[in-house]
Protein chains: 2
Amino acid sequence: MNKNSILRLSRYRNALNRLKNAGLVKIFSDYLADAVGVTSSQVRKDFSLFGIAGNKRGGYKIDALLEKLNTILGKNVVQPVVLVGAGNIGSALIKYKGFEKEGIRIVAAFDSEPAKIRPAAKVPILPVAELAAYVKANSIKIAIISVPESVAQQVFDTLRAAGISGFLNFAPLRLRSDNNCVVNNVNLELELENVIYFVNVFEKSGIGIGLDKD
Amino acid sequence: MNKNSILRLSRYRNALNRLKNAGLVKIFSDYLADAVGVTSSQVRKDFSLFGIAGNKRGGYKIDALLEKLNTILGKNVVQPVVLVGAGNIGSALIKYKGFEKEGIRIVAAFDSEPAKIRPAAKVPILPVAELAAYVKANSIKIAIISVPESVAQQVFDTLRAAGISGFLNFAPLRLRSDNNCVVNNVNLELELENVIYFVNVFEKSGIGIGLDKD
DNA sequence: TAGATTGTTAATCGATTAACAATC
DNA sequence: TAGATTGTTAATCGATTAACAATC
């Protein structure tokens, strides 16, 4: 029930959708494990953790399994999300097709720069002044933060006060927070720095560095 | 010497830069731990892992410490990086200021769409056909992959063959690879899905869900 | 039934934390 | 010196993996 097991559930779901499209109806933990790159023990452990049962002899029925995973992961309803900060990254995320495909909809974006306001756009870009009211009026629970580092904490606090409890944060800093919310940080500099480190070590030593999983 | 300890080194470095700007000259592991949000044991353990020594009574000298961290993390030279896929996300990354600030320079971008080619731009956007030659000619080791899922594996293989050994991958799939390279995946759908899960659990149970660290 | 797979418990592994001797 | 901090070893913790009884 930790973050890793949830991420794996998403991966199982992705793999199962592909396998279903390929015509499979049932699957053994062993094969699903191969498809995702984990052990069969891991698959069965994860499933049992979420009360997902298979058939002792016939493995798991893909349809039923997908249904369970969709329910657990909230895939049966479209998840409304707001985005704050319509800069480079924010604008790209607004246009990004990958979210809609996964049932995640950015319903509105907010920016402090008057030049960026476009209330009539397909995804309306509104003044940050309207943020709290919008979030409350529409009971939004999830936000993407793509503002500059300097204002990220303030934006976070505003969102928190407006009732947001789940965050995807692109600002490269650790947000100070109470613990009744969840914050996933996407720190691009850090990720690249990490890649650079391992490549440099590799260049010097010639030792295999392995494929990162996450 | 695992991925986590390297990521923490980056965080120590960020914190130390701030503390240095605030006027500090020396620091105890205990205080640095507070600044980064880890235990002092963790700080000392990480440092000892990389052969960084302090003074038994006086803690660590910030300047010397930063120098060591910069060397380990490759911060003393500008790191050239190529980007493949100048779509929404790719274009945003090209314009993103955060990389240059951290000594990471996107020296060229590549796209398969003729309309996107701009060889004269500050960050030139070139045809993918020129990719392998450019990478080899300039001894580039790091690449950002921001192409659609459907062509990501093929782009990856091309980059791999051209000599790239470090990847930041935005395509939402697991790249098949030998293990003489390092791939950090940024899967935005997965990260948001994860946030959504925890928020839904929280909404139902009312139990605190905690602040994710990573 | 015999054989194979699940579900779960126990063992292992790795990373984090605590403790404390060395030492400045 | 006395007191406090480092560096490192041992203990703890949590997650992954192996093993196997239950069972279809």
Side-chain angles (χ1 to χ4, degrees), chain A residues 1-12 16 19 24-66 68-69 72 174 194 197-198 209-214, chain B residues 1-12 16 19 24-66 68-69 72 174 194 197-198 209-214:
Chain A
M1 223 102 122
N2 56 64
K3 186 179 170 183
N4 285 345
S5 60
I6 306 294
L7 289 173
R8 282 196 301 270
L9 289 197
S10 290
R11 296 212 169 94
Y12 299 146
L16 287 165
L19 294 166
L24 287 191
V25 172
K26 291 175 299 201
I27 191 156
F28 297 138
S29 60
D30 194 32
Y31 298 165
L32 181 55
D34 285 344
V36 173
V38 299
T39 64
S40 62
S41 288
Q42 184 79 269
V43 170
R44 297 197 298 277
K45 184 82 172 197
D46 284 336
F47 286 176
S48 94
L49 215 52
F50 289 91
I52 296 174
N55 309 94
K56 289 268 174 190
R57 230 6 222 85
Y60 301 82
K61 285 184 192 162
I62 291 179
D63 273 335
L65 192 46
L66 276 171
K68 288 244 190 193
L69 292 174
I72 291 168
R174 183 155 302 235
N194 192 258
Y197 170 81
F198 283 107
I209 46 186
L211 176 73
D212 261 13
K213 292 146 295 175
D214 155 279
Chain B
M1 222 102 120
N2 55 66
K3 186 179 171 184
N4 285 346
S5 61
I6 308 291
L7 289 174
R8 281 195 302 271
L9 289 196
S10 289
R11 296 212 168 93
Y12 298 147
L16 287 164
L19 294 165
L24 287 190
V25 172
K26 290 175 301 201
I27 191 156
F28 296 138
S29 61
D30 193 32
Y31 299 165
L32 181 56
D34 285 345
V36 173
V38 299
T39 63
S40 62
S41 287
Q42 183 79 270
V43 171
R44 296 197 298 277
K45 183 82 172 197
D46 285 336
F47 286 176
S48 96
L49 215 53
F50 289 91
I52 296 174
N55 311 95
K56 290 269 173 187
R57 220 26 210 76
Y60 301 81
K61 286 185 192 163
I62 290 179
D63 274 334
L65 193 46
L66 276 171
K68 288 243 189 194
L69 291 175
I72 292 167
R174 183 156 304 236
N194 193 258
Y197 170 81
F198 283 107
I209 46 186
L211 177 73
D212 261 13
K213 292 147 294 174
D214 153 278

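Chain identifiers are assigned alphabetically (A, B, ...) following the order of the sequence lines, protein sequences preceding nucleic acid strands; residue numbering begins at 1 within each chain.
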**Q.** Approximate separation, where rounding is to 0.5 Å, of B:L24 CG and B:D63 CG
**A.** 11.5 Å
Q.
Could you spell out the base pairing of DNA chain D as a dot-bracket line? Use Watson-Crick and G-U wobble contacts where both distances are under 3.5 Å, [ ] for crossing pairs, | for partners on a different strand.
A. ..||||||||||||||||||||||
Q) Quick one: are A:D46 and A:Y12 in side-chain contact, heavy atoms under 4.5 Å? A) yes
**Q.** For the student: nearest non-hydrogen atoms of A:L19 and A:A35, plus distance
**A.** CD1-CB, 4.4 Å
Q. When all nucleic acid strands are considered with a 4.0 Å heavy-atom cut-off, which category describes B:S41: base, sugar-phosphate, or nothing?
A. base
Q: Taking the side chain as every heavy atom from C-beta outward, state whether B:K26 and B:Y31 have any pair of such atoms under 4.5 Å apart.
A: no
Q: Give one of base, sugar-phosphate or nothing for B:S40, where a contact means two heavy atoms less than 4.0 Å apart.
A: nothing
Q: Quick one: label A:D30 by what it contacts on the DNA or RNA (base, sugar-phosphate, nothing), any heavy atom closer than 4.0 Å.
A: nothing
(Q) So if I take residues 55-63 of chain A and measure heavy-atom distances to DNA chain C, which residues fall below 4.0 Å? (A) A:N55, A:K56, A:R57, A:G59, A:Y60
Q: With a 4.0 angstrom cut-off to heavy atoms of chain A, pull out the first and last contacting nucleotide of DNA chain D, in 5'-to-3' order.
A: D:dA15 to D:dC24
Q | Nearest-0.5 Å distance that lies between atom CD1 in A:I6 and atom CZ in A:F50 | A | 3.5 Å
Q.
For the CD1 atom of A:I72 and the CG atom of A:L49, what is their distance to the nearest 0.5 Å?
A. 9.5 Å
Q) How many angstroms lie between CD1 in A:I62 and CG in A:L16, if you round to the nearest 0.5 Å? A) 5.5 Å
Q. CG/B:L32 to CD/B:Q42 distance, rounded to the nearest 0.5 angstrom?
A. 11.5 Å
Q) Could you state the interatomic distance from CG (A:L9) to CD1 (A:I52), rounded to the nearest 0.5 Å? A) 6.0 Å
Q. Passes side-chain contact (heavy atoms from CB on, under 4.5 Å), B:K3 versus A:Y197? Steps please.
A. CA-CA 10 Å; B:K3 186 179 171 184; A:Y197 170 81; over 6 Å; no
